[in-house]
Each structure stands twice: as structure tokens, then as C-alpha cells.
Amino acid sequence: MSPPVAPPGWSRWLVPPAALSVHLSIGQAYAWSVFKPPLESALGLSGTQSALPFQLGIVMLGLSAAFGGTLVERNGPRWAMTVALICFSSGFLLSALGAAVEQYWLIVLGYGFVGGIGLGIGYISPVSTLIKWFPDRPGMATGIAIMGFGGGALIASPWSAQMLESFGSDSSGIALAFLVHGLSYAVFMSLGVLLIRVPRTDQGARGTARSAPTGPQVSAKQAIRTPQFWCLWVVLCMNVTAGIGILEKAAPMITDFFANTSTTVSASAAAGFVALLSAANMAGRIGWSSTSDLIGRKNIYRVYLGVGALMYGLIALAGDSSKPLFILCALVILSFYGGGFATIPAYLKDLFGTYQVGAIHGRLLTAWSTAGVLGPLIVNWIADRQEEAGKDGSSLYTMSLFIMIGLLAVGFVANELVRPVHPRHHVPAPAQQEKEVADVQRQQ
């Protein structure tokens, strides 16, 4: 499938809605915590077990983005969005079958493995195209699209909760909810497939003559050999681990945290909390990434990691004494979590150029795969062990919170180590390439 080229006069502002239609759909992954309690009750699962589809989905997101990044660059965004549509929707259909016959491994296979491939390919599908359309504001452009991934749960969380209430929270009700998700997202994602366009090769994004790329240009193969790539890998991994641990267990976490207080949290209120976190995640992706265009990428990551650690410290020290403080700190943490995702493509563009930024971004998302295992594993495993030890309430999560502070400190140090890429890693400019060829010919 060849990339669809924009006709003369095509508005670049039609590209972000195309990206949003895909990202709002695959962003449902952040509403997984709504399904955790019903699945645990219907299939007799522990918190760690019920996190497995989500964890595998994030692992497959990173792996499919890493291995598929070059294919996305080669085949274009429409091909990538089509693959994402097929895999993501099929994952829900397989999960529906697994819930209907009470075979949990089918849910893990469908939502985690097959759906996870759709997550990865869909996530990176518009990034390179958006940066080409908006070379003047890369942080804002990628923030608009990636905002959709963070905001997907804002729609999916209350929608899923309402379906489970209407269909029932037993295995057949869960199966029907999965089925409706799969069919609905297939229709919505098709809008992006039909609308996406790439810039014409003879014109710039705004209809002016395209100029040669400025600044460093580094290939994906060469980028992974630089210390800058691995510093950013650590930065992203630590920031994501700290946020995803809360996000994956958001609904049961707030319920447990205030279980021993006079202001307990109902299931519907917990679903509302998930939606609030999604709103903060979404707002952070556009707000903080746009801010990075003004103050720089390194400075904005100093905020994400440094202030994020402070927020975790406040939650840990306050315990269950203040629900408003818990909610406020969680919202700030999730805004930084989302902002980190939206800012990283622009950070990569600053360091490595636009030459193969989509493929480089795909390889960097293996950090997300790692974090997708670490974050939920830390929070769920520690909570399960504390519960076995007879503890309850906020004490289930205190140790996890302090671990997250340590991880954010590691990410802060890695961000401080980022420096401009050494010229030896740069792709030679065309004129320089011609000169080198001529020099070789003269020497022969």
C-alpha cells in the first residue's frame, strides 16, 4: 500500500484528526483497570493475574513499534493504521470469545498479544507524518495526536463501566462488552485510515518549496549506537514505570487506599477517578509537549521527573488522611506521564533529525515494554504480599510509592547526561556524499 499523497491545497490541519481517530481508540488500554475487578470475580484471578493482558499489551506495543518502525516509514501511515485497526479490533473479538467460554488465556492472547501489536503499530503510525507536516511546532503536533492515546480512557472508562452495569459483570457480560468494543473501534479507526495523507515531495508542509533538512540527521541503525538514545531510553522507562503502576491499578487502588476511612470510594466513583486520570494524561500530552517547544525538552523532563518524585512523596507521607491531596497528586503525576510520551518524539527529532525519526521512536518504545511489566508488577506484587501479611488500606501501596520515587531519580540523572549527538553519527548531507564519492573516484 503506497502512502497517500496530499493533493495541492490540502490543509495540514486535517492530519491531526486522522491521527486522533486511531489514538483515541487504542487509548482504551488505559481503561483496563475497569475490567480488573469483574474479571477477578468472574474468573477467580488475583490482582497480578488480572494485570497480565495489560502488561503483555504494553510489551507487544514496544516490540511491534520497534520491529515495525522501519515498515511504517517504508509503507506509510495508511498501511500502518490499517494493520492497527485489524489487530486491535481482532484482539477484542478474541477476548470476547475467551470471556464467553471462561478461558482466560484467550483474553491474554487476544487483548495482550494480538491487540498489543495493534497498539504498537497504531501508536507510531502518525508520528513521522505529523513531524513532516509541522516542522515548525513538532512538540505541539505530536502532542495533539498522542493526546488521543492518553484521552482514550476518558471515553472508554465510563463507557466500559456502563456496559458492565447494563450487560452484567459476569463472564457473559464481560464478553459482550469486549465484542461491542471491538466492533465500535473498527468503525472509528477506519476514519483515520481514509483521512490520512503525507506531504508532497516537491512541496513543504505549508505549500512552500521544501528545503533540505537542517540540523543533525541520524539513521535508526546509527541512533541506537549513541549514548543519547540509551539515556532517553532510561528516561522514558523510568517516567512510564512511575505512571503506569498507578494507571493500571487506578480503580482498585483508590478504593483500597480509602477503605478504612469514613469516605470510602464506590465502584462508579473509582471509574470516575480513572476518567479523571485519563483527562490529566490527555491534557499533559498537549499542554506539556507544547510547553517543551518554548522551554526545551531537557528542561521539561526535569519537571516531569523532579516534580513527579515530589508528588509521590506527598502521597506516601499523607497516606489516607486527605483524599483531595491524593487525587491532585495523582492527576499531576499522570499529566507528567502523558507529557513524557508526547514530548519524546520532539526530543528525538532535536537530537537525531527527521531522517528516520519514526523508526527511532519505534525502537525507543521498547522502554515502554519494559515499563509495562515493571510498573504493574511492582504495584500489584507488593500489594498482594502486603495483603497476605494482613495489611490493608493505604499501607498496601506505601513501599511501591517510595520505589517509584527512586526510579524517577534515576530518570532525572539520565536526562542530565543527554548531550548533542557527535557528528560522526550524522548521515552525510547530499553535497558531502557527492564530494566523498568524487574523492574516492579520484583516488582510484
Side-chain angles (χ1 to χ4, degrees), residues 1-23 65 68-84 120-149 192-223 285-286 289-290 292-293 297 341-365 421 426-427 429-430:
M1 182 182 294
S2 60
V5 179
W10 181 269
S11 173
R12 64 177 181 168
W13 292 103
L14 293 173
V15 180
L20 273 172
S21 71
V22 173
H23 274 239
T70 304
L71 288 174
V72 172
E73 288 281 331
R74 183 184 307 151
N75 297 327
R78 177 169 289 177
W79 173 87
M81 289 179 176
T82 302
V83 172
I121 299 299
Y123 189 86
I124 63 172
S125 61
V127 170
S128 177
T129 303
L130 280 164
I131 288 177
K132 291 172 183 174
W133 276 109
F134 293 87
D136 51 329
R137 286 181 280 181
M140 182 212 70
T142 54
I144 289 174
I146 295 175
M147 171 183 71
F149 193 88
V193 173
L194 297 173
L195 192 59
I196 194 68
R197 298 287 188 279
V198 298
R200 294 168 57 192
T201 56
D202 61 335
Q203 288 188 323
R206 302 166 108 175
T208 57
R210 181 183 295 278
S211 59
T214 58
Q217 301 296 320
V218 183
S219 68
K221 182 178 180 181
Q222 197 65 26
R285 289 172 187 243
I286 182 62
S289 62
S290 296
S292 77
D293 287 334
R297 320 302 172 196
F341 276 121
T343 309
I344 206 70
Y347 209 161
L348 292 172
K349 180 256 184 187
D350 293 346
L351 290 171
F352 303 109
T354 59
Y355 176 54
Q356 289 188 335
V357 68
I360 297 171
H361 185 221
R363 285 160 172 77
L364 192 76
L365 290 182
V421 177
H426 295 181
V427 174

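- None of Thr129, Leu195, Val193 except one satisfies the side-chain contact (heavy atoms from CB on, under 4.5 Å) rule with Arg78; the exception is Val193.
- Across all non-hydrogen atoms, the minimal contact from Pro345 to Val357 is O-CG2, 4.0 Å.
- Qualifying salt bridge (charged side-chain N to carboxylate O under 4.0 Å, His left out) partners for Arg297, counting only residues two or more places apart in sequence or in other chains: Asp293, Asp350.
- Under the side-chain hydrogen bond (donor to acceptor under 3.5 Å, both in side chains) criterion, Ser289 pairs with no residue at all, not counting sequence neighbours.
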Apply side-chain contact (heavy atoms from CB on, under 4.5 Å) to the pair Met147 and Leu20, showing each step before the final yes or no. CA-CA 8 Å; Met147 171 183 71; Leu20 273 172; 4.2 Å; yes
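- In this pair, Tyr123 and Phe341 present their aromatic rings perpendicular. The plane angle is above 60°, beyond the 30 to 60° band.
- From Leu348, atom CG reaches atom NE2 of His361 across 6.5 Å, with rounding to the nearest 0.5 Å.
- Under the rule for a ring-ring contact (aromatic ring centres under 6.0 Å, His included), the partners of Tyr347 that lie at least two apart in sequence or sit in another chain are Tyr301.
- Interatomic distance, Ile360 CD1 to Thr70 OG1, rounded to the nearest 0.5 Å: 10.0 Å.
- By the side chain to side chain contact (heavy atoms under 4.5 Å, CB included) test, Ala6 pairs with Trp10, Trp133, Arg197, sequence neighbours left out.
- Looking at residues two or more places apart in sequence or on another chain, you find no side chain to side chain contact (heavy atoms under 4.5 Å, CB included) involving Leu194.
- Scored by the side chain to side chain contact (heavy atoms under 4.5 Å, CB included) test, Ser219 finds Lys221, Gln222, Tyr355, Gln356, Val427 as partners (sequence neighbours excluded).
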Hey, mind stepping through Arg74 and Trp79 against side-chain contact (heavy atoms from CB on, under 4.5 Å) and telling me if it holds? CA-CA 10 Å; Arg74 183 184 307 151; Trp79 173 87; over 6 Å; no
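- Going from atom OG of Ser125 over to atom NE2 of His23 covers 5.0 Å, rounded to the nearest 0.5 Å.
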